[in-house]
Amino acid sequence: MGSLFFLQLKGELRKLFARKRTYIGFGAFLVLEVAILALFQIPKVRRAFPGRMIERLGGAFEEYFSGQTLALIVLLVTFLLTMLYLALVGGDVVAKEVEDGTMRMTLCRPISRVRLLLVKYAACVIYTFALIYWVAATALIMGYLKEGNGGLFVMAPEQNIFAMYPPREGYIRYASSLSFLALSSLSITTAAFVCSCFNMKPAAATIVSLSYFMVDWIFFHLPYFESIKEWFLTGNMTTWSNIFRPHIPWDQMVADYAYLLGINATLLVIGIVAFSTRDFKS
Amino acid sequence: MIRIEQLSKKFRGRAALHQVSFEVQRGEIFGLLGHNGAGKSTTFGILLGQVFPDHGEAFIDGISVQQHRAKALRRVGAIFETPGFYDYLSGWENLEIFAAYSGHVPRSELEAAVHTVGLQGRIHDPVRAYSHGMRQRLALAQALVPSPQAVLLDEPTEGLDPQGIHEMRELIRQLNRDRGLTVMLSSHLLSEVQQLCDRVAILHQGRLMFEGRWTDLGGTSPRYRLEVDDWARAVACGAHIVAAPDVIELGSDEDIAELVRRMVEAGIKVRAVEPVRPTLESLYLEAIRGRDESKSYPAAATANS
């Protein structure tokens, strides 16, 4: 039974990763990373890097303006694009197959709709992690090639995080943050995936899910909703950055991820119910 | 092998099917006919568990599709009018992906299906390079794994050229003959259905109008094509024209020799008398026309029951 699930998952992954679009997306991230790193060559941009803050914290600019610091900056800057790309892929997974007629072919098979969606969702989860790891790895490699080895400087004013780590600890924190970042990003993949389970076009599924997150982000930043800030997904999604605090607030992170996973699971159940009760007809 | 009972389905308040019942015997080739919107695709959809009926049930090999969908679908394969494939993958990869949703299918079984439809030379090409006919063949190959007892073919010859239509027809015949597959197909090409099917069901505006041997569709009255010099007098002698200008139908107690004798005695020159074999197309159109004119729907006629 389990091996059959993996066989079906392999098929779903093959569909995802055999598409040219997948690699165009991955390539686009690479280009963006190169562009960001190239911009850091400009003296004005370089000067804007908070060297004084590093010195106030007791470090040397040259030591902390390193490959991994640049990689983290790239990761943060490309985050919006990552979200957009994940929404595009998540919104395609079911709706595009319905549109192309491959879903009807699949539904001729003796597989339950619930299982089919779970296989597809598992492929989405893997894809989300793969994309985050790809962006992070390429950013780190290119940052290293450009600025070499060095410590990690983290500055996230919104989360009130200002920290510096020696190279080894920096790499460990950078690597550990990726799985949490992917877990946070999974929320948008899930939302787009669930939208695509309804009777709508792939583009509509992407737009609806992105709109939801945009509204959520605006609400999160409105002072009126300060007292209910923890309800908003985008706020909880930033919890991955806690990995860069000197003392990681694990209890807070567990609570935030439990909330996100709970929302994801609820959305997934809604998507499964909608998909399972739909008529499929040409 | 396939049985549907009292199926009804409405889409946005409009009845797509209304209390439709019929049965497809094991090993036969059965045609489902009807105009666009008659309910054929809805029937296929319900049989494949893709459309939920408002009322009634569909059975495959005695297993209810609505209650045990997966178990029932293990026994059938299906293709649609415009089969959807992952165009950027090869035909073989498509087959592997679809087959995986039925379980572990041995490679040899996939190869046999490819061989049956004659795609072995192109199976590793991307599907986007396939012609329409090749796509239909690939669709049939995926319907043949893993070893179904019946295949449901919704417009299998749609969009094919005459050569493709001929090949598809022969393939269906071969599958029915060699593997004993039950085939249920719908097509707008009535000449194809006529050549392939043992029995047919006709759906009209969501209702079953006829089920049985298509030759029984027009009743049993013999028809003839006459060539005479004076039709007015021929009619007066008892020639009943059913298809203008020259096709007559005899009453159950009438004899063509007797009618010709009367016409000759009346001085009419009878130049030719030729029996007319009805086609499915002519019978189908006549039946639909007759039903549209009467606009009443008594219980469906079942010719072989």
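Every chain is numbered from 1 and lettered A, B, ... according to where its sequence line falls, protein lines coming before strand lines.
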So, taking the atom named OG in B:Ser41 and the one named CZ in A:Arg104, what distance separates them when rounded to the nearest 0.5 Å?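 The distance works out to 6.5 Å.
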Spatial distance of atom SG (A:Cys108) from atom CD1 (B:Ile79) [nearest 0.5 Å]: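 A:Cys108 SG to B:Ile79 CD1: 10.0 Å, rounded to 0.5 Å.
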Any chance [atom1] of [X] has more than 12 other-residue heavy atoms, nucleotides or ligands included, within less than 6.0 Å?
X: B:His55; atom1: NE2; result: no
X: A:Lys146; atom1: NZ; result: yes
X: A:Phe79; atom1: CZ; result: yes

Taking non-hydrogen atoms and a cut-off under 4.5 angstrom, which of residues 87-100 of chain B neighbour chain A?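 So the qualifying residues are B:Tyr88, B:Leu89, B:Glu93, B:Glu96, B:Ile97, B:Phe98, B:Ala99, B:Ala100.
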Pairing donors with acceptors under 3.5 angstrom, does anything connect the side chains of A:Arg113 and B:Gln50?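 No pair is found: no donor N or O on one side chain lies under 3.5 Å from an acceptor on the other.
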Where does [X] contact chain A at under 4.5 Å (heavy atoms): side chain, backbone, both or neither?
X: B:Thr82; answer: neither
X: B:Ala143; answer: backbone
X: B:Phe11; answer: side chain
X: B:Val65; answer: neither
X: B:Lys71; answer: neither

What residues of residues 89-102 of chain A sit under 4.5 Å from chain B when only non-hydrogen atoms are counted?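 The residues closer than 4.5 Å to chain B, in numerical order, are A:Glu97, A:Asp100, A:Gly101, A:Thr102.
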For chain B, which residues from residues 129-143 of chain A have at least one heavy atom closer than 4.5 Å to it?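 None at all.
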Pick from B:Ser102, B:Ala139, B:Gly77, B:Gly49 with the largest number of heavy-atom pairs that fall under 4.5 Å of chain A: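 Option with the greatest count: B:Ser102.
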For chain A, find which of B:Val76, B:Thr42, B:Asp154, B:Leu152 contributes the most heavy-atom pairs closer than 4.5 angstrom.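 Top count of heavy-atom pairs under 4.5 Å with chain A: B:Thr42.
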Looking at A:Val119, A:Leu7, A:Ile111, which makes the most heavy-atom pairs under 4.5 Å with chain B?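 Heavy-atom pairs under 4.5 Å are most numerous for A:Ile111.
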Sort out for me which of A:Arg278, A:Lys15, A:Gln8, A:Lys10 touches chain B most, counting heavy-atom pairs under 4.5 Å.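 Highest number of pairs under 4.5 Å: A:Lys15.
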A:Leu116 vs B:Tyr101, side-chain contact (heavy atoms from CB on, under 4.5 Å): CA-CA, chis, key distance, verdict: CA-CA 8 Å; A:Leu116 178 64; B:Tyr101 284 116; 3.5 Å; yes
Chi angles and distances behind the side-chain contact (heavy atoms from CB on, under 4.5 Å) call for B:His104, A:Ser3: CA-CA 9 Å; B:His104 292 281; A:Ser3 68; 3.3 Å; yes
Under the side-chain contact (heavy atoms from CB on, under 4.5 Å) rule, collect the residues that match up with B:Glu5, sequence neighbours excluded.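 Result, side-chain contact (heavy atoms from CB on, under 4.5 Å) vs B:Glu5: B:Arg3, B:Phe59.
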Tell me, side chain or backbone of A:Ser112 under 4.5 Å from chain B's heavy atoms, or both, or neither?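 Backbone only.
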Do the non-hydrogen side-chain atoms of [X] and [Y] ever get within less than 4.5 Å of each other?
X: B:Tyr86; Y: A:Arg19; result: no
X: B:Pro146; Y: A:Arg109; result: yes
X: B:Arg69; Y: A:Leu107; result: yes

